[in-house]
Structure formats: structure tokens, C-alpha cells
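See structure below.
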Amino acid sequence: MSEETIKKIILKEDEDYIINMGPQHPSTHGVLRLEVCLNGERVKYMIPHIGYIHRGMEKMAEFNTYKQVIHLTDRMDYLSAHINNEAVCLAVENALEVEVPERVKYIRAILDELSRIASHNLWWSAFGMDLGALTTFFYGMRDREKVLAIFEESFGSRLLHSFNTPGGLMHDVHPNFRKHTMEFVKYFRKKLPDYKNLLTDNVIFHNRTKGIGVMDKETAINYGVTGPSGRGSGFSCDIRKVAPYGIYEKVVFREILYREGDSFARYKVRMDEMEESLNILEQLVSDMPEEGGFTAKMKPVIKLPEGEYFQRVEAARGEFAVFIVSKGEKYPYRIKFRSPNFSNLFVLSKLAVGGIIADLVATCGSLDLVIPDIDR
Amino acid sequence: MNSVVRYINDIYKGVISLWAGMRVTGKYFISPGEIVTEQYPENRATLKMEERFKGEVIMPHDENNQHKCTGCGICEVNCPNGSIEIITKKVPNEEGKMVRAIDKHIYHLSMCTFCELCIKTCPFNAITWGQDFEHAVFDRTRLTKVLNKPGSSLKKKEVKS
């Protein structure tokens, strides 16, 4: 932001028309306040105000043992809860140099991809609804329900399943897990053409998203925009490819990249990623070993050796990273979470300038923000 | 001339995409297939949750009003939110010695985050998940529950033969 703009923001010229979008606005998907300065219908500048759902997760984690920290990460990005859990577990396992069974790696990766599909599916439903296409919401919710049924069967909860634990998993998965996952893959492949006909090929949708909120590669890198939003601008940032963890080294898949950088490119990245996740699922489910246990042998009280540990994973919205500083006690001395949505939000103030306010909703929706992940 | 061609082209494309979208809607309108909507609460009698469903923490009692909880307090230590409180008392055993036993196992459902650490770490499998999910009440105090039933006692360990 230039010095002139900052001066304008502080002084607030008389002709500036400032409205607050949020904190209770349906298109922000949570308690996020966007202070928008308008000139007619054009946006002059936009400042996001965060902190409405701040819970002090990082401070709270300092008074929890490593096993208890897991359930806090669920509540950050609740749509990719399993992937967040995995980041902490991998960091602790790397610190203790514990080798988890091969089967656990497979199950974790399967659950990652299922979470990713469920998350992108919900985003697809909500994005259509943001732009006024209510139909997509019902179709998306119907198919997401199938994933949630698999989750409920194995973990007993649909959204916040603290299923990972340092060293493996809480329980073994349900005996029907493999069968139901294969059924879902077949089911969802059949439904994807419907998605294409309903929204991807729609002319009104093209007019609302093509050339809107254009983010070039340089901006994406400067602001640290990762995940599908970054890959829509041609920024290769898939952690599954860049720094593989778990079983991802053995899996054959391609990283989805689009170079246009507009809202439609970000949309296409997510749609293609859902298909790619189905390919990954097919490979993993057929290779998954039947036996081999679900947890490595761990001490009841986990104490990390003194030092600093870092682990990053590819969550549904971008790069999620955990940085642990340990002083050799059973509580972490400091935990820093790098959440993808925090970085993805602040690029919005750059993308919104010059556009009209209806396009702000489209751009905000295409970045796929989850507000509890921003505030933590 | 160009703009006229583009105008007609746009209308043509618009009609085609509208037709494609409406066809999906029409397909489900004519043949709904599987009906996914659950008629809750009308289906309460037949509604069955999954076997592993995390409804609330319960303490199973057998027909003699006996449970397995010794009052060791491991669940209380492992709970991240302080939703479990253990109050113990001293009771005489068969030999007349005073030993520790559970007086009240207090469970605050309002603070529970369903992380499963208490159930996972219980060395006696005294607590488990209940299937009840209708937790709405008019008064907050009703969410604080005492898990061991009044007059209940510790189940004797089966002697291995």
C-alpha cells in the first residue's frame, strides 16, 4: 500500500463513502469485517479487519500436552481438520524419530484426499451461492454427505474428528472403510459431469468470474498465497510435490496449474483437483495393506527433546505449517501455526481495488476463506 | 457487423448453457432416484446412529448397579478442557481397610470437545461413548452430569482361573 493511500485511509476524505461488509455478511462465510471505501460502485481501497473469533490457539497450546494440542488444530480450518492434525503429528513423530506403520501412512493420505474433496465440494456449493446460483448448494451438499458418512462410520464424528494422534491413529478404521471409499469414488466420478453442466459451462458464471480479481504470479509469491488460489496464478506450491510427506512420494499425480490468475482459473484448479484426488484415492485404496496395525509404540507421556521442529503439509486451502520449540518438557514451549487463509486474505485488499463491489464478493469467494483459520 | 455476429453468438451460447443446466435439473425432477433428505424428527423411532458415534461420555452400569471406575483420575488429567471432575471418598473394603473409591464422576458436557482422550486413556474401560445426540436444554446447569449412578459400587475384578 502506498504512502498516499495510507494517508487517505487515516484522514478519511469527506467524499469517501465507507461501508462495512460484515462481520455478519453471508458472503464472508464467517465473522470477517471488510471496510470498503467506495467511489460510486468502484472500490477505492479495502481493509480487512480480523480478530472476531480469536481464541488464542497458540497460547492455549503452550498449556496442553502434545496429544491435547491435536484437538485444537481441528478448530482452525474445520473443513480440513484431518490435514491440520496430521501436521502436528508428523512434527512430533519426526522429533521423536518414530517410524509409523506403512498402513497408517496410507490411511492418513486417504483421509487427506477425502477431506480435500469434501472441502472443495463445500466450496463449490457456497461459491455458486455467493454468485446467486442457489442450485449448486443442494447438489454439492448431497455429494459431500457421502464423504461425511464415511467419516462418521470410522471416527464417530463428521467434521471435527481428532482421529490422528502422535504415532498413528486413535482407532483402526471401520472394516467397511475400503469398500465404502471405493463406492464413493465411483459415485463421485459419475456426478462430476453434472457439476460441469450446472456451473462450469454456464455463461452467466463465466461473465461473473473471467477476468475478475486477476492476481499475477509475482503478487501470489509476494503475499504468500498458496494452495489452489496460488496455483491459479501459476505459482507451483503443492507441498505434496515440493516437499513430499507420508505416502505421497509413491503416488502418481499431477499438480494442477493455471496461469490466468483470475477467479475462473482458481475455480478450475479446484475442480481439477477434485478429479485428481479421486485418482489418488483409487491408487491408495487398492494398495492399502490390510494388516500392519494402526499405531506405533509410543510412551504415554510424550516429551520432545530440546530443539526446534518444523513440518508443513498441503491443506485444502494451501500450505499449513507447524513450528514447535521444545525445552524438553511435556508441554511445548512455543507453537507457531502458519495457516493458509491468513496469507490468502490479505491479497484481497490488493485484488479488490478498482473493481466493483459485486466483484469483491466473487473474488472473496474464489479465495475460499475460512475465518477461524485466519484468527486462530 | 462484427458486434451483431457476437451478439447473436452470445445468445446462442447462453441458450445452450442454460439448456445444459436445466437438463440436469430436469433429470432429477423426473427421476429423483435415491431420496437423501432425512425426515428428522419424524423418523426418531427408526433413526440409528453409527456404532462409533460420539454423542456424550457415559459410564455403563451392569444389572447390579456396579461400574468399573476406581477413581484414579487419569481421565481428569488427560482432559484438555477440564470437563471432567473426579471426587473420591474413602470406603472400607472387605478386610476393613479404608481404600479410595469414586464418590462423584462429574462430566461437564458444555465444555467437552469430544477429543476422546479420556476414553482412550482409561485403564479400566470404565467410560465410553453414548449415542444420544439431542443435547438441547433450557438450563445450562443440566449439562453438568454425574456419571456414576447413586448407590453404585465398584465391580469386583474377575479372578482368573
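Treat the numbers as computed from the prediction; the structure is a model and nothing was measured. So you know, we letter chains A, B, ... as the sequences are listed, proteins then strands, and number each from 1.
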Work out which heavy atom in B:Gly21 is nearest to a heavy atom in A:Leu198; give both atom names and the distance.
O-CD2, 3.9 Å

Between B:Met49 and chain A, which part of the residue has a heavy atom less than 4.5 Å away: side chain, backbone, both or neither?
side chain

Are side-chain heavy atoms of B:Lys120 and A:Met170 found at a separation under 4.5 Å?
yes

Residue B:Lys13 versus chain A: region with a heavy atom under 4.5 Å:
both

Just checking A:Lys336: does its NZ atom have more than 12 heavy atoms from other residues, nucleotides or ligands closer to it than 6.0 angstrom?
yes

Would one find more than 12 heavy atoms of other residues, nucleotides or ligands at under 6.0 Å from atom CZ of A:Phe177?
yes

So B:Glu50 and A:His174, side chain to side chain donor-acceptor pair (under 3.5 Å) or not? Walk me through it.
CA-CA 11 Å; B:Glu50 297 287 345; A:His174 198 270; 5.6 Å; no

Please check if the number of heavy atoms outside B:Tyr12 that lie under 6.0 Å from its OH is greater than 12.
no

Taking atom CZ of A:Arg189 as the centre, does the number of heavy atoms from other residues, nucleotides or ligands within less than 6.0 Å exceed 12?
yes

When you look at OH of A:Tyr333, are more than 12 heavy atoms from neighbouring residues, nucleotides or ligands closer to it than 6.0 Å?
no

Give a yes or no answer on whether the side chain of A:Arg75 reaches the backbone of B:Thr113 with a donor-acceptor pair at less than 3.5 Å.
yes

Validation row: B:Tyr28, A:Arg142 side chains within 4.5 angstrom (heavy atoms):
yes

Between B:Thr121 and A:Lys67, is any pair of side-chain heavy atoms under 4.5 Å apart?
no

Leading residue by heavy atom contact count with chain A [cutoff under 4.5 Å; candidates B:Asn78, B:Thr37, B:Ile16]
B:Asn78

Locate the shortest heavy-atom distance separating B:Ser17 from A:Val203; write the atom from each residue and the value.
OG-N, 3.3 Å

Taking atom CD of B:Glu51 as the centre, does the number of heavy atoms from other residues, nucleotides or ligands within less than 6.0 Å exceed 12?
no

Out of A:His171, A:His161, A:Glu145, which one racks up the most heavy-atom pairs below 4.5 Å with chain B?
A:His171

Exercise: identify the closest heavy-atom pair between B:Cys115 and A:Ser162:
CA-OG, 4.2 Å

Should B:Asn81 and A:His71 count as side-chain neighbours, where that means a heavy-atom distance under 4.5 Å?
yes

With chain B, which of A:Phe155, A:Tyr139, A:Phe163 has the greatest number of heavy-atom pairs at distances under 4.5 Å?
A:Tyr139

Heavy-atom count around A:Arg55 CZ within 6.0 Å, excluding the residue itself: above 12?
yes

Okay, B:Val15 and chain A: the region with an atom under 4.5 Å from a heavy atom over there is neither

Less than 6.0 angstrom from the centroid, inside 45 degrees of the normal: does A:Arg158 satisfy that with respect to the ring of B:Phe53?
no

When the 4.5 angstrom heavy-atom criterion is applied to A:Asp201 and chain B, the contacting part is backbone

Of A:Asp194, A:Thr165, A:Leu160, A:Ile70, the largest count of non-hydrogen pairs under 4.5 angstrom with chain B goes to A:Asp194

For B:Asp139, look at atom CG and say whether over 12 heavy atoms of other residues, nucleotides or ligands are found less than 6.0 Å away.
yes

Closest approach of A:Ser157 to B:Lys54 (non-hydrogen atoms, all atoms of both residues)
OG-NZ, 4.0 Å

